[in-house]
Novice: 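Here it is, the structure, as structure tokens.
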Amino acid sequence: MRKWRLRRGITALALALLALPTVPGAAHADPTYPFRDPSLPVQVRVDDLLGRLTLDEKISWLHQYQPAVPRLGIGLFKTGTEALHGVAWSTDIDNNGAVVKARGTSFPQPVGMASTWNPDLIQRVGSAVGDEARGYHAQNPRVWGLNLWAPVVNLLRDPRWGRNEEGYSEDPLLTAKISTAYGSGMTGGDPDHLKSAPTLKHYLAYNNEVRRDVTSSNVPPRVLNEYDRAAFKPAIAADAATGVMASYNLVNGRPATVDPDLATVVRSWTDQPLMNVTDAWAPNNLVASQGYYPTQAQGNAAIIKAGLNSFITDDTNAQPTVTAIKQALGSGLLTEADIDARIAEILNLRFRLGEFDPGGGRYGGITPDVINSPEHQRLARQAAGEAMVLLKNSRQALPLNPARTRKVAVLGPLADTLYTDWYGADLPYQVTALDGIRERLGSSASVDGLDGADRIALKDPSTGRYVTATGTTDADPVAAIGTDASLAAQFDSVDWGQNVVTMRNAANGRYLGYNWGPFVTRDEQPNGWYVQQQFTLEPQADGTVAVRYAGYETTESWFGVNTYVTVGDDGALKLGASTAADATHFQRELISSGVDRAVAAAKAADTAVLVVGSNPFINGREAHDRTSMALSASQEALVKAVTKANPRTVLVLQTSYPVTIGWEQEHVPAIVWTTHAGAETGHAVADVLFGDRNPSGKLTQTWYRSDRQLPPDLLEYDIISSGQTYLYSTAKPLYPFGHGLSYTGFRYGQLRADARSVAADGTITARVDVTNTGSRAGSEVVQLYSHQRTSRVKTPIRALRSFQRVDLAPGQTRTVTLRVRAADLANWDVTRSRWVVESSAYDLTVGASATDVRARTAVTVRGETIPARDLTRTTRAENFDGYAGVRLVDETKVRGTAVGATAAGQWISFGKSALRPGGHTFTARVAKATAGTGTIQVRLGSPTGRLLGTATVPSTGDDYRYVSVSAEVARVAGTHDVYLVFDSPLRLADFSLR
């Protein structure tokens with residue numbers, strides 16, 4: 001309908017525009033140019049301005065920093081302000097691209113926001129973020145652009161992913177609901193007038209940080225469509241996002257930076273133009289680390305043709321991008337029409353943001369007053385509270401009774417500290433768990449806090465000198481110069497797991513860090529891209545320790561081999577050794593035991609509240625995956641000791657991801673999980689612990705019992721064949737997807753479907769009565785799952801289809817209505833490359849989690865039966881049913897996916913294929929870069945089953961040079977599983993069996 005209105009507007013105004021004056025000083029609107037007239041259709045304004053830009057100006061706008069055009073009165077436009085859970089940071093073109101941090105409202109990390117299962121709340125959060133983006137933009141539009149890089153909708157397939165905190169859920173439906181809510185809040189909900197312009201990150205199939213720019217995500221068609229694309233489409237289709245950011249990785253052998261989806265599939269989801277962006281420096285990867293194109297001109301041309309509009313590369317220096325694009329134009333790789341298509345999409349976004357409207361348009365009047373406003377602080381507290389998940393509550397350990405809880409020990413490394421993350425802002429204020437509990441209990445109560453860290457000193461035994469802090473600036477080096485273990489020579493050592501500790505100086509409260517040469521105590525928290533505040537204390541045979549520097553830059557190839565600390569004759573610390581044997585061996589003197597102090601405090605308290613968990617800058621983040629889900633050994637030891645000392649211990653886990661806490665689940669009376677939830681974290685913790693808020697959060701990821709329940713390889717993206725996530729995993733988890741307890745109880749009645757059967761284009765309406773059986777008001781998230789009983793293929797064990805939060809007073813009953821379109825039960829049919837709703841009985845279950853089923857029913861869907869495969873038609877090799885060893889690869893550098901065999905014995909299969917009587921010829925389109933010939937065997941039933949024939953594949957000398965090969969095969973009729981078995985590295989694009 002919008003397109004029809006637009007075409008009508010263009011037709012009606014076309015002749016009138018011809019008569020409009022187009023020179024400064026002519027009388028039309030104010031100023032004179034038609035593109036300045038907000039009464040005109042957007043496309044008319046876009047066309048007018050596009051026609052006024054020179055080719056050089058248009059090319060310059062393809063870089064992240066779109067320069068001003070003074071002759072037209074147009075200012076700088078910058079793509080990209082980080083706004084993952086609040087406005088976080090941007091970069092300053094006037095200061096060499098330096099990062100500028102925001103100090104606005106900080107909401108919970110996205111995995112926490114999604115744990116609310118409350119799209120209405122998250123839409124309000126998104127609206128607040130959009131308001132604050134406008135407020136910052138009003139302060140300095142050259143720094144704070146209105147194109148926001150959020151939300152992240154990559155699915156949380158594997159909890160070891162370093163960026164787990166940035167995503168929402170392992171489930172595509174829940175991810176879609178939350179991302180659409182957040183995005184629609186940021187846009188303002190009006191597709192024609194944007195408050196801000198959110199960009200979805202990162203397209204596509206991106207869940208690993210290690211070597212992320214050169215690894216290829218192997219994503220078969222069903223996983224691609226049913227899982228990965230399914231998370232991105234809804235927000236785009238709802239106009240809740242204005243584009244996507246391409247990811248660093250390759251997808252099926254092709255860099256995502258040149259994924260043709262960006263110009264085709266993604267843009268087909270909406271009738272609005274999209275502005276897609278590269279990830280930072282990704283254009284250069286095409287020529288450098290990926291080696292996909294020999295020149296930047298070829299790479300940049302491919303990026304533009306693939307559907308990206310903005311090159312995020314070379315920081316503020318646009319010249320390399322501009323030069324390469326001009327070279328591409330000069331050599332015929334691009335045309336000006338290609339440039340115009342991308343610039344028109346950029347302009348559409350800028351017009352909808354109100355840039356060329358008087359006063360900045362509909363949202364131009366938002367002022368900096370909105371930043372960290374009292375209203376937004378209240379919203380942040382609500383979001384932090386609703387995000388908290390009650391994992392366990394035995395013997396009604398929670399809520400705590402404030403009248404009887406008068407002496408509390410708040411213990412652990414996160415008891416009195418709030419940590420930010422790479423995509424978070426600086427906190428304008430902090431309410432820690434200790435602060436929140438003290439405030440809640442008042443001055444008459446005794447609330448003490450301890451971090452449980454060991455306080456240590458490090459002495460160089462050769463000199464007897466202690467490692468000592470001398471100040472808090474870069475000019476104050478830490479050195480082994482102390483004559484005794486004074487306060488300045490004492491450090492609080494916190495174990496974050498995987499052998500990494502931080503050391504906070506007892507005298508100045510700052511963290512020990514490396515700083516590219518001198519060691520300093522400068523930083524209030526671990527931070528920065530390389531996080532230089534990380535160390536490992538390696539025990540030596542003589543009872544000493546070697547100090548290994550574990551800052552993130554040590555993992556880079558250019559860092560060098562010396563990572564161990566040595567002491568010079570003047571006491572200066574340096575990285576002077578490559579092994580522990582050659583390092584200085586320090587005596588580690590224990591000044592006081594953190595566990596002993598915590599145990600003493602716990603014994604003296606009515607209740608011990610343990611706050612343990614992760615540091616977002618250390619325990620996995622961008623560029624660094626986790627290797628284990630375990631809680632750090634020291635923190636686990638602290639939990640065990642305190643729980644033994646005081647049976648009235650409550651555990652608050654504050655992490656960015658699931659952790660394995662089998663002992664804690666068995667022994668600690670009550671466990672609450674929260675992510676890093678922003679400035680209001682402490683208020684939210686106290687609200688839940690003391691029952692001022694009845695917890696209602698639900699997990700958005702499976703919490704596994706151990707690392708053994710995960711695939712050995714983080715790069716296993718095929719969730720169907722490998723059995724990943726709650727959808728396909730048969731492992732018994734510690735906590736299932738959707739789990740979360742309440743201080744009250746909920747009884748479910750019978751699940752009633754409105755019909756026993758429904759057509760494929762119909763809707764299933766299910767109703768269930770839910771009753772609050774307790775004495776407290778509470779909110780339950782009623783979750784509806786489906787299971788397809790019969791199918792041609794493997795289908796999910798259960799799949800979330802609908803959910804609804806319901807607020808219930810004590811004793812109240814409400815009827816919850818949940819609707820599912822039968823079309824949403826469709827699977828991707830690889831035999832015909834389209835969606836299909838299969839005829840089947842579908843089990844519908846409703847309950848409090850994926851496995852906490854309270855009621856069930858069944859509905860028959862009248863869909864279709866997928867016919868047997870017809871291999872006489874040309875069949876894409878990628879559309880196999882089963883495989884072993886092969887990888888999906890790029891058929892050409894522009895488009896298409898082929899099957900790539902890498903070794904003998906690898907195979908693909910095509911199930912239930914109808915073979916006709918008579919002779920058969922197997923014909924295949926193949927490429928073989930390596931020398932010599934190869935073969936493809938056609939077999940029945942299994943990779944070693946009856947051999948029908950063998951096709952010989954010649955060397956083509958290039959992965960992208962395909963030839964057609966044929967072979968006569970034995971006569972066979974009937975329905976069979978057909979296997980193609982490879983004997984050597986080669987590529988198969990398609991084949992037929994006629």
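Every heavy atom of this structure was used, including side-chain atoms; hydrogens, water molecules and symmetry mates were not. Here, residue 1 is the first one in the sequence, and each next residue gets the next number.
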Novice: Phe586 and side chain to side chain contact (heavy atoms under 4.5 Å, CB included): which partner among Leu537, Thr544, Val567?
Specialist: Val567
Novice: Side-chain donor-acceptor pair under 3.5 Å between Asp495 and Ser634, yes or no?
Specialist: yes
Novice: Within the distance-only criterion (no hydrogens, no angle test), does the side chain of Asn154 pair as donor or acceptor with the backbone N or O of His202 below 3.5 angstrom?
Specialist: yes
Novice: Please name the residue in the list Phe617, Trp422, Tyr552 that meets the ring pair (Phe, Tyr, Trp, His ring centres under 6.0 Å) test with Trp529.
Specialist: Trp422
Novice: So, the side chain of Arg157 versus the backbone of Glu716: is there a donor-acceptor pair under 3.5 Å, distance only?
Specialist: yes
Novice: Just by distance, do the side chain of Asn646 and the backbone of Ala602 share a donor-acceptor pair under 3.5 Å?
Specialist: yes
Novice: Without hydrogens or angle criteria, can the side chains of Thr579 and Asp582 be said to hold a donor-acceptor pair below 3.5 Å?
Specialist: yes
Novice: Would Gln525 and Thr417 count as a side chain to side chain contact (heavy atoms under 4.5 Å, CB included) if you check the C-alpha gap in whole Å, the side-chain angles of each, and the deciding distance to 0.1 Å?
Specialist: CA-CA 10 Å; Gln525 285 192 354; Thr417 302; 4.2 Å; yes
Novice: Kindly compute the distance separating CG (Leu714) from CG (Asn207), expressed to the nearest 0.5 Å.
Specialist: 7.5 Å
Novice: In the structure I gave you, are the side-chain heavy atoms of His624 and Glu209 within less than 4.5 Å of one another anywhere?
Specialist: no
Novice: Tell me if the centroids of the rings in Trp281 and Tyr248 come within less than 6.0 Å of each other.
Specialist: no
Novice: Measure across Arg621 and Arg163 and return the closest heavy-atom pair with its distance rounded to 0.1 Å.
Specialist: C-CG, 4.1 Å
Novice: Decide yes or no for Tyr657 and Asn619: does some side-chain heavy atom of the first lie under 4.5 Å from some side-chain heavy atom of the second?
Specialist: yes
Novice: Is the side chain of Asp625 donor-acceptor paired with the backbone N or O of Gly162 at a distance under 3.5 Å, no angle test?
Specialist: yes
Novice: Val642 and Ala598: which non-hydrogen atoms are nearest, and at how many Å?
Specialist: CG2-CB, 4.0 Å
Novice: For the pair Thr470 (side chain) and Pro477 (backbone), establish whether a donor and an acceptor sit closer than 3.5 Å, ignoring hydrogens and angles.
Specialist: yes
Novice: Answer yes when Arg588 and Asp454 have at least one side-chain N-carboxylate O distance shorter than 4.0 Å, and no when they do not.
Specialist: yes
Novice: Could you report the tightest heavy-atom contact between Leu84 and Pro110, atom names first, then the distance?
Specialist: CG-CG, 3.5 Å
Novice: Does the side chain of Lys574 come within less than 4.5 Å of Thr566's, by heavy atoms?
Specialist: yes
Novice: I need the Gln534 CD to Met503 CE distance, nearest 0.5 Å.
Specialist: 11.5 Å
Novice: Is a donor on one side and an acceptor on the other found under 3.5 Å between the side chain of Gln709 and the backbone of Arg705?
Specialist: yes
Novice: Between the side chains of Thr313 and Asn284, does any donor sit under 3.5 Å from an acceptor?
Specialist: yes
Novice: For Arg626, enumerate each residue passing the salt bridge (charged side-chain N to carboxylate O under 4.0 Å, His left out) test, keeping only those at least two apart in sequence or located in another chain.
Specialist: none
Novice: What is the distance from atom CD of Gln532 to atom OH of Tyr511, rounded to the nearest 0.5 Å?
Specialist: 15.5 Å
Novice: Looking only at the side chains, is there a donor atom on one of Tyr423 and Glu622 sitting less than 3.5 Å from an acceptor on the other?
Specialist: yes
Novice: Under 4.0 Å between a side-chain nitrogen and a carboxylate oxygen: does that hold for Arg455 and Asp492?
Specialist: yes
Novice: With side chain to side chain donor-acceptor pair (under 3.5 Å) as the test, pick out the partner of Arg522 among Thr472, Asp476, Thr473, Asn515.
Specialist: Asn515
Novice: Centroid-to-centroid, Tyr419 to Trp496, below 6.0 Å?
Specialist: yes
Novice: Heavy-atom distance under 4.5 Å between the side chains of Ser614 and Glu165, does that happen here?
Specialist: no
Novice: Take Val210 and Leu715, measure what side chain to side chain contact (heavy atoms under 4.5 Å, CB included) needs, and give me the verdict at the end.
Specialist: CA-CA 10 Å; Val210 176; Leu715 294 175; over 6 Å; no
Novice: Would you call the rings of Tyr136 and Trp144 parallel, tilted or perpendicular if under 30° counts as parallel and over 60° as perpendicular?
Specialist: tilted
Novice: Is the backbone N or O of Gln654 less than 3.5 Å from a side-chain atom of Thr674, with the two atoms forming a donor-acceptor pair by type?
Specialist: no
Novice: Counting distance only, does the side-chain N/O of Thr643 pair as donor-acceptor with the main-chain N or O of Lys640 below 3.5 Å?
Specialist: no
Novice: Could you tell me whether the side chain of His667 reaches within less than 4.5 Å of the side chain of Lys644, counting heavy atoms only?
Specialist: no
Novice: Can you tell me if Ser656 and Asn164 form a side-chain donor-acceptor pair at under 3.5 Å?
Specialist: no
Novice: When you check the side-chain N and O atoms of Ser217 and Asn249, is any donor under 3.5 Å from an acceptor?
Specialist: yes
Novice: State, yes or no, whether a side-chain contact exists between Arg548 and Thr563 at a heavy-atom distance under 4.5 Å.
Specialist: yes
Novice: Does Ala98 offer a backbone N or O that forms a donor-acceptor pair with the side chain of Asn96 under 3.5 Å?
Specialist: no
Novice: Can you measure from CD1 (Ile618) to OG1 (Thr502) and round to the nearest 0.5 angstrom?
Specialist: 5.5 Å
Novice: Once rounded to the nearest 0.5 Å, what's the spacing between atom CG of Asn508 and atom CD of Glu524?
Specialist: 10.5 Å
Novice: For residues His585 and Ala583, report the shortest heavy-atom separation together with the two atoms involved.
Specialist: CD2-O, 3.2 Å
Novice: Is there side-chain contact between Asp92 and Arg142, with at least one heavy-atom pair below 4.5 Å?
Specialist: no
Novice: Tell me, do Asp421 and His85 make a side-chain contact under 4.5 Å, heavy atoms counted?
Specialist: yes
Novice: Check the orientation of Phe559 and Tyr549. Use parallel for under 30°, tilted for 30 to 60°, and perpendicular for over 60°.
Specialist: tilted
Novice: Give a yes or no on whether the backbone of Ser90 and the side-chain of Thr81 come within a donor-acceptor separation of less than 3.5 Å.
Specialist: no
Novice: So, for Thr584 and Asp460, which heavy atoms are closest and what is the spacing to 0.1 Å?
Specialist: CG2-OD1, 3.9 Å
Novice: Taking atom types as modelled and ignoring hydrogens, do the side chains of Asn208 and Thr215 form a donor-acceptor contact shorter than 3.5 angstrom?
Specialist: yes
Novice: Is a side-chain donor-acceptor pair under 3.5 Å present for Glu556 with Tyr530?
Specialist: no
Novice: Please give me the minimum heavy-atom distance between Pro526 and Val531, naming the atom from each residue.
Specialist: CB-CG1, 4.1 Å
Novice: Scan side-chain atoms only and decide if Asp213 and Ser289 contain a donor-acceptor pair under the 3.5 Å cut-off.
Specialist: yes
Novice: Cut-off 3.5 Å, side chains only: do Tyr429 and Glu680 have a donor facing an acceptor?
Specialist: yes
Novice: Starting at OG1 of Thr105, measure out to CG of Asn372 and round the result to the nearest 0.5 Å.
Specialist: 4.5 Å
Novice: Start with the C-alpha gap between Thr321 and Gln64, add the side-chain angles, then the distance that decides, and say whether side chain to side chain contact (heavy atoms under 4.5 Å, CB included) holds.
Specialist: CA-CA 10 Å; Thr321 296; Gln64 176 182 13; over 6 Å; no
Novice: Should Val612 and Val639 be marked as a side chain to side chain contact (heavy atoms under 4.5 Å, CB included) after you check the CA-CA gap, both sets of side-chain angles, and the distance that decides it?
Specialist: CA-CA 8 Å; Val612 302; Val639 174; 4.2 Å; yes
